[in-house]
**Student:** 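Okay, here's the structure, questions in a sec.
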Amino acid sequence: MKKVPETLPTDVTALQEMVVALRVQNDDLIAKNQRLNDMFRLAQQKRFGNSSEAYPGQGELFNEAEELVKQTVEGDEEDAKTSPRKKAKREKISADIPRERVVHDIADEDKFCDCCQHALHQIGEDTNEKLEFIPAQVKVIVNVRPKYACQACEKNGTSNNIKQAPVPTSVIPKGYATPSLLSQIVTSKYQFGLPLYRQEVMFKQYGIELSRKTTAQWMMRCADILQSLYDKLRRILLEQPVIYADETTLKVVGDNKSKSYMWLYASGADSPEGKLTSTDIPNIVLYDYNASRAGQVAVDYLDGYNGYMHVDGYAGYHKTQATLVGCWAHARRKFTDAQKAMGKHKSGKVEWALNHIQKLYRVEILIKDKTPDERYRIRQEKSLPLLAEFNVWLITSEQEVIKQNDLSKAIQYCLNQWEKLQRYTLDGRLSIDNNRAERAIKPFVIGRKNWLFSQTANGAHASAVLYSIIETAKVNGLTPFDYLNRLLTELPKRNPTDDLTELLPWQSLATSK
């Protein structure tokens, strides 16, 4: 018989207390092990699994053509099985693209009937369109300013006034960059994510030696020129009743910090609808660089703004004077992560939460094209009961799930954010989530993957201005290159105190129509 260790107590009550303590300790170990397994599965899913938010990187683009062809062939085969007579539709070429008519006619000697030799007459024609691509063309603009003088004054020896046209205004007064060249470089980097060193190689193909140091200086100069328009857009943004905010990390070498931040503020909608009416909110997207993520950064930028502001769960926004509106997309993402972490061990609570949140979004689909007053009324009728039911479920479920696992964290997030999460029902102009800001900041996140970091804080500030102008142009239905070309042509002619209303993107859109 095994000898009982002398350290164990002989008292029954003490032994029972030890057993209870061991059970609690064992339960904690089981919960910790479950948590570690959940974290491992979630990390695996994020690293190797599919994600609707993923954007292809350079490596994934390697076999993009093959994958797309494979998908197209498989899709065509499936269409052929379901509808044998259905013909594939070719994508239409925009009617705005110039057309060049090329006639492929038979020879004049063949325009006679083979039977009776009478002349043939045209009874119709067949046409098809092919898309021709003309590579970029580069040319040098030689500005000539003739000088004029008086010959009579020269003969008399009197003073001779020379007359000459003034030097044309230019973004780079002593440089050779035109607005079109600068617009090309800006959009290549900030719209399409092409770093300056790659553009240096591209220009070399056309026989142009254009160093990245020079183009970097040009970008700084363009940002300086556009700053006045950026400031006007910011003033207009802060006049709006509803704005959206978000922030993301940025590596700036000169800041000597592991992380700096690019903040984003937006107004309006994702999709442009043309000229604004008196009730429309202008579509604006503005970036603001700062080395800190402290809430004071938002306080300083918003300058006393006290309207509604859509945000995620970051506590720093509480320092502002804005009325914060929570994001149901973030809340849903917490439950989605919990679902992924559980792997094959599905939870009815997670499924219930996700289905209930989906009901809230179905209401939003229903009221998408309604007026703010109608949106408010329908939310009061349909959304508020769903929110009340969800709140009761959260309070009940908080006591029933294992602490510190992903489901517990999702529930706790919703309870902590509850006041802000239900606030979108207070005004028909508000949104159920902060996806407007998340979509607006995504182009910067994607571009960051290509150029990785900024060298200096000044460069990051310049990037913020240039990104702002490009993204604001895009959400207003403008082609960024054309809009930048116009701005860089007009702004050097203006004084700092001039009114820039006519250069606002929605005014430019109205003018183009």
Side-chain angles (χ1 to χ4, degrees), residues 230-247 263-288 295 297-332 360-361 363-380 383-384 387 417-442 468 471-472 474-477 504-506:
Y230 176 96
D231 293 338
K232 184 174 182 65
L233 289 169
R234 179 187 171 193
R235 290 193 295 271
I236 295 173
L237 175 83
L238 298 182
E239 293 171 355
Q240 305 312 311
V242 181
I243 64 175
Y244 302 77
D246 200 2
E247 75 289 332
W263 297 68
L264 175 131
Y265 306 91
S267 67
D270 284 312
S271 54
E273 297 181 358
K275 185 177 180 179
L276 296 174
T277 67
S278 59
T279 58
D280 286 327
I281 296 177
N283 295 327
I284 299 174
V285 178
L286 297 182
Y287 292 84
D288 177 48
V297 176
V299 172
D300 294 341
Y301 191 89
L302 294 174
D303 194 24
Y305 177 80
N306 59 4
Y308 287 109
M309 184 164 71
H310 288 273
V311 295
D312 55 21
Y314 176 49
Y317 292 112
H318 286 277
K319 293 186 177 182
T320 69
Q321 298 179 38
T323 301
L324 304 183
V325 183
C327 176
W328 274 100
H330 277 79
R332 179 174 56 188
L360 293 172
Y361 272 90
V363 176
E364 297 306 303
I365 294 174
L366 178 68
I367 65 177
K368 181 180 178 182
D369 298 322
K370 305 290 185 182
T371 64
D373 290 341
E374 291 175 314
R375 286 157 61 92
Y376 171 79
R377 179 183 59 79
I378 296 174
R379 281 173 176 168
Q380 297 299 304
S383 299
L384 280 184
L387 288 167
Q417 297 285 318
W418 187 251
E419 185 178 358
K420 296 194 290 291
L421 284 173
Q422 64 176 349
R423 193 167 279 159
Y424 79 98
T425 61
L426 298 179
D427 193 312
R429 296 170 297 181
L430 300 176
S431 300
I432 191 173
D433 53 39
N434 195 32
N435 284 351
R436 169 76 176 100
E438 289 200 359
R439 283 190 288 267
I441 207 168
K442 196 169 185 178
S468 299
E471 293 304 316
T472 299
K474 285 166 59 178
V475 296
N476 281 280
L504 293 171
W506 46 90

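Position 1 is the first residue of the sequence, and the numbers go up from there.
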**Student:** Taking all non-hydrogen atoms of both residues into account, name the closest pair between Ile236 and Gln240 and its distance.
**Tutor:**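 Taking every non-hydrogen atom into account, O-NE2, 2.7 Å.
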**Student:** The test is salt bridge (Lys or Arg N to Asp or Glu O under 4.0 Å); show your working for Glu374 and Arg377 and say whether it passes.
**Tutor:** CA-CA 5 Å; Glu374 291 175 314; Arg377 179 183 59 79; 5.2 Å; no
**Student:** To the nearest 0.5 Å, what is the distance between OG1 (Thr371) and CD1 (Ile367)?
**Tutor:**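 Those atoms lie 10.0 Å apart.
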**Student:** Provide the closest heavy-atom pair for Gly268 versus Ile281 in the form atom of the first, atom of the second, distance.
**Tutor:**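 Scanning both residues, the minimum pair turns out to be N-CG2, 3.6 Å.
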**Student:** Would you call the rings of Tyr301 and Tyr265 parallel, tilted or perpendicular, taking 30° and 60° as the class edges?
**Tutor:**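 The arrangement is parallel - the two ring planes meet at less than 30°.
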**Student:** Indicate yes or no for a side-chain donor-acceptor contact from Asn476 to the backbone of Pro505 under 3.5 Å, with no hydrogens or angles considered.
**Tutor:**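 No, because the side chain of Asn476 does not come within donor-acceptor range (under 3.5 Å) of the backbone of Pro505.
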**Student:** Give a yes or no on whether the backbone of Leu324 and the side-chain of Arg423 come within a donor-acceptor separation of less than 3.5 Å.
**Tutor:**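 Answer holds: yes.
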**Student:** Of the non-hydrogen atoms in Asn283 and Ala269, which two are nearest, and what is the gap between them?
**Tutor:**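 Closest pair (atom of Asn283, atom of Ala269, distance): OD1-N, 2.7 Å.
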**Student:** Tell me whether the rings of Tyr314 and Tyr317 are parallel (<30°), tilted (30 to 60°) or perpendicular (>60°).
**Tutor:**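 Judged by the thresholds at 30° and 60°, the geometry between Tyr314 and Tyr317 is perpendicular.
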**Student:** A side-chain contact here means heavy atoms from C-beta on lying under 4.5 Å apart; do Val285 and Arg436 qualify?
**Tutor:**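 In short, these two side chains touch, coming nearer than 4.5 Å.
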**Student:** Out of curiosity, His330 NE2 to Arg332 CZ, how far, rounded to the nearest 0.5 Å?
**Tutor:**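 Rounded to the nearest 0.5 Å, the NE2-CZ separation comes out at 11.5 Å.
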**Student:** Which pair of heavy atoms, one from Leu360 and one from Ser383, lies closest together, and at what distance?
**Tutor:**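 Closest heavy-atom pair between Leu360 and Ser383: CD2-O, 4.0 Å.
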**Student:** Say you draw a straight line from OH of Tyr305 to CD of Glu239; how long is it, rounded to the nearest 0.5 Å?
**Tutor:**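 If I round to the nearest 0.5 Å, the distance is 11.0 Å.
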**Student:** For Leu421 and Trp328, work out which heavy atoms get closest and say how close.
**Tutor:**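 Looks like O-NE1, 2.8 Å.
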**Student:** Does Leu237 offer a backbone N or O that forms a donor-acceptor pair with the side chain of Ser267 under 3.5 Å?
**Tutor:**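 No, the answer is negative, given that no donor and acceptor are paired below the 3.5 Å cut-off.
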**Student:** Of the non-hydrogen atoms in Arg375 and Gly428, which two are nearest, and what is the gap between them?
**Tutor:**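 Heavy atoms only, the tightest pair is NE-O, 2.7 Å.
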**Student:** Hey, does the side chain of Arg379 reach the backbone of Tyr424 with a donor-acceptor pair shorter than 3.5 angstrom?
**Tutor:**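 A pair under 3.5 Å: yes.
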**Student:** Taking the side chain as C-beta and beyond, is there a heavy-atom pair between Met309 and Leu302 under 4.5 Å?
**Tutor:**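 The answer is yes; the side chains approach within 4.5 Å.
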**Student:** Could you note down all residue pairs passing side chain to side chain donor-acceptor pair (under 3.5 Å) where residues 425-434 supplies at least one of them, sequence neighbours left out?
**Tutor:**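 For residues 425-434: Tyr244-Ser431, Tyr361-Asp433, Asp427-Arg429, Asp433-Asn435.
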**Student:** Nearest 0.5 Å please: distance from the CG atom of Asn306 over to the CG atom of Leu238.
**Tutor:**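 With rounding to 0.5 Å, CG (Asn306) is 10.5 Å from CG (Leu238).
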**Student:** Would you find a donor on one side and an acceptor on the other, under 3.5 Å apart, between the side chain of Thr472 and the backbone of Ile284?
**Tutor:**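 No; zero donor-acceptor contacts below 3.5 Å.
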